[in-house]
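Down below is the structure, laid out as structure tokens.
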Amino acid sequence: MCGIVAIIRSHTTLEENNLESLPEVLISSLNRLEYRGYDSAGIALGYAEEDGVLSTDPDTRRPTIERFRAAVSTRSLEELKKQVEPAVHSAHTAGRDYNRGIGHTRWATHGRPSEQNAHPHQDCSGSIAVVHNGIVENWRELADELTSTGHLLESETDSELIAHLIEEEIGDTDMLEATRRAIKRINGSFAIAVMDANSPHSLVVVRRLSPLVIGTGKGICVTASDIPALLGFADAYYVLEDDEIASISPDGIHAFDFAGNPAQLHPIPVSWDIDAAQKSGYDDFMGKELNEQPAAIKDTLLGRMTTAGSLTLDETRIDDESLRDVDKVFVVGCGSSYHSGLIGKYTLEHWARIPTEIDISSEFRYRDPILSSSSLVIGVSQSGETMDTLRAISLAKNSKAKVISISNVVDSSITRHTGGVIYTRAGPEVGVAATKTFSTQITALQMLALYLAQLRGLLYPDEIGSLFDQMRTIPDLVQTALDRSEEVLTVAKEIADRRDLFYIGRNTGYPVALEGALKMKEIAYLRAEAYPAGELKHGPIALIEPGTIVIAVATRGRLWEKMHTNISEVKSRGATVVGIVNDEDDQTASLVDYALFVPKTPPLLDAVVDVIPLQFLAYHVAKLKGLNVDRPRNLAKTVTVE
Ligand code: AGP
């Protein structure tokens with residue numbers, strides 16, 4: 001997840017506030033956004049006129065911007081510091097300092113991590129610099145338009161287009177208006193900061209759907225993606241709302257809506273300490289990441305439906321011709337990634353009508369699978385580094401199968417080994433337990449199923465459109481489920497002292513049960529076993545005795561009534577049953593001891609919503625037991641060993 005910072009100060013602010021030079025202040029702000037994860041970074045700097053100089057091009061004498069960028073993974077900020085030191089030194093020697101700058105930590109989504117793709121991006125003249133967090137959905141159309149009118153694009157990013165769009169508008173107007181006109185041409189999400197070499201006394205910031213806060217302090221104004229970047233300089237901050245734009249200067253903020261009406265900003269005192277702030281106020285990363293699921297799913301869906309109404313995954317380099325010929329799909333993954341494959345199977349078979357096998361990576365590679373050039377192997381891995389999945393993919397490649405991956409990390413080992421990639425845009429996941437990467441993997445597999453159905457002509461365009469619209473409703477339904485965390489806590493208190501739990505479900509409810517049990521094992525250390533509910537009577541039911549806890553995923557899927565029978569079977573043997581139940585389903589609620597309600601979802605899309613109370617259940621039980629949910633014992637976030 002990218003982070004942006006923009007700082008502008010008055011002439012004497014830094015000495016008065018006992019701060020270092022502006023580039024150092026800017027880089028230390030970016031450092032505080034490091035927790036968002038990044039693979040490259042950059043800054044752009046400018047002088048004010050009162051320092052006696054503007055940075056100028058020696059040939060044209062036109063004001064320019066000084067830009068520094070680095071792409072050495074998590075050492076990029078250190079590297080930037082080194083790069084900028086000589087410039088700071090010569091400025092000090094000349095008795096001046098930069099008055100403004102914009103900076104960016106990049107988590108690659110569009111274009112690999114490289115210096116060329118690192119922000120800030122500039123227009124053709126080099127006098128406009130832009131940092132951007134978000135996604136330009138219509139980048140392909142815009143890139144065509146801009147190149148056809150002579151703009152030279154130097155990166156593979158969607159963000160660079162914004163600098164060129166502003167360049168097109170700035171001729172007859174100021175930076176604020178030019179930016180406002182430019183962003184009207186963009187579909188998607190953005191938090192943007194703009195710096196213009198010709199406007200040394202202000203910066204422009206604008207927002208839609210991506211976070212942006214503006215902090216003010218003595219003679220300084222700082223804008224950033226998150227509050228930690230403001231700490232140390234700002235006494236108060238303001239939240240810029242969606243579709244608002246502001247000009248910031250050391251004297252204050254002038255904010256407007258896109259129609260040009262003044263926007264009302266309300267000051268909020270800065271009261272966070274840096275440590276708490278990096279978790280955005282949550283006690284731990286898992287709590288934060290769990291709550292980020294609606295935004296993560298939304299981002300993963302962004303830009304996949306063209307204005308002409310067809311689903312597109314072509315940025316993923318998947319060759320349509322060969323995909324059309326696929327006669328069998330294999331999904332391979334480990335842990336939660338394996339579970340998302342199990343859920344994806346339902347849509348791959350139902351929508352795309354392709355026989356689909358799901359395998360645990362470490363089993364797949366040793367079982368001599370029957371693969372051919374018409375097999376499609378999908379490697380699912382949030383980290384993109386899991387050794388077992390990497391090896392499974394190599395096996396598939398060697399057997400001439402087509403191979404694609406679903407990953408959350410751009411340019412990771414697994415994505416480099418596969419012909420095509422679908423990136424989940426969940427942002428970095430720090431907690432060991434997968435939450436937002438799990439739900440976005442399911443979203444990616446569902447999109448792929450829909451895409452294959454489209455390629456194979458199995459669904460009409462309006463059916464594809466309507467299924468995709470249904471997928472777009474999921475983030476709000478997930479949010480509703482997240483808002484009920486307190487109800488889950490009540491149940492967590494009832495079960496926290498038990499040792500053994502059973503999870504049951506049918507259809508997509510079975511992998512949801514598996515995922516719920518995995519979460520409970522890995523962070524709360526309870527013996528949690530999941531079974532297909534219909535399988536209970538073939539053995540596991542012998543373990544049910546009075547007081548045994550059974551967690552039943554019993555939302556209204558195709559086999560809802562059969563779940564009632566299974567619930568009765570365990571109840572009659574004395575089990576205490578916690579049901580995951582749809583809103584207004586009194587019938588199921590009356591059968592269980594505790595009902596955890598979730599909103600009803602469209603058919604086949606229920607898993608992402610139904611899993612939320614199970615994620616919370618594990619989270620609350622672990623917290624009640626005083627365990628560290630982010631770093632459970634014996635586990636690593638990335639498993640690079642066999
Ligand atoms: C999930 O909560 C676990 N931490 C673990 O099972 C994980 O899903 C597995 O190790 C696979 O990781 P990957 O997605 O990075 O390949």
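Numbering of ligands and ligand atoms starts at 1, following listing order. Predicted model only: the values in this text are computed from it and were never measured. Because only heavy atoms are used, hydrogens play no part in the values below, and waters and symmetry mates are left out as well, while side chains stay in. Numbers for residues simply follow the sequence, beginning at 1.
Here the side chain of Ser407 pairs a donor or acceptor atom with the backbone of Val409 at under 3.5 angstrom.
Aromatic ring orientation, His119 versus His104: parallel (interplanar angle below 30°, classes split at 30° and 60°). Ring geometry for Phe616 against His620 counts as parallel: the plane angle stays under 30°, on a 0 to 90° scale with 60° as the upper cut.
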Exercise for the section: Give the C-alpha distance, both sets of side-chain angles, the deciding distance and a yes or no for salt bridge (charged side-chain N to carboxylate O under 4.0 Å, His left out) between Asp39 and Arg75. Expected result: CA-CA 8 Å; Asp39 43 49; Arg75 286 182 297 105; over 6 Å; no

Practice task
Run the numbers on Thr424 and Gln382 for side-chain hydrogen bond (donor to acceptor under 3.5 Å, both in side chains), then give the verdict.
Solution key: CA-CA 8 Å; Thr424 52; Gln382 63 80 24; over 6 Å; no

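Seen from the ring of Tyr525, Arg633 counts as a face-on cation partner, given the 6.0 Å and 45° thresholds.
With distances taken over non-hydrogen atoms, the option nearest atom 4 (N) of ligand 1 out of Val409, Thr386, Val432, Thr389 is Val432. Ranked by closest heavy atom to atom 7 (C) of ligand 1, the top entry among Ser381, Ser336, Gly333 is Ser336.
Here the protein heavy atom with the shortest distance to atom 10 (O) of ligand 1 is Val639 CG2, 4.0 Å. Protein heavy atom closest to atom 14 (O) of ligand 1, with residue, atom name and distance, is Ser337 OG, 2.6 Å. Of all protein heavy atoms, the one lying nearest to atom 3 (C) of ligand 1 is Glu522 OE1, 3.4 Å.
An N or O contact shorter than 3.5 Å is missing between Val380 and ligand 1 by distance.
Of the heavy atoms in Glu385, none comes closer than 4.0 Å to ligand 1.
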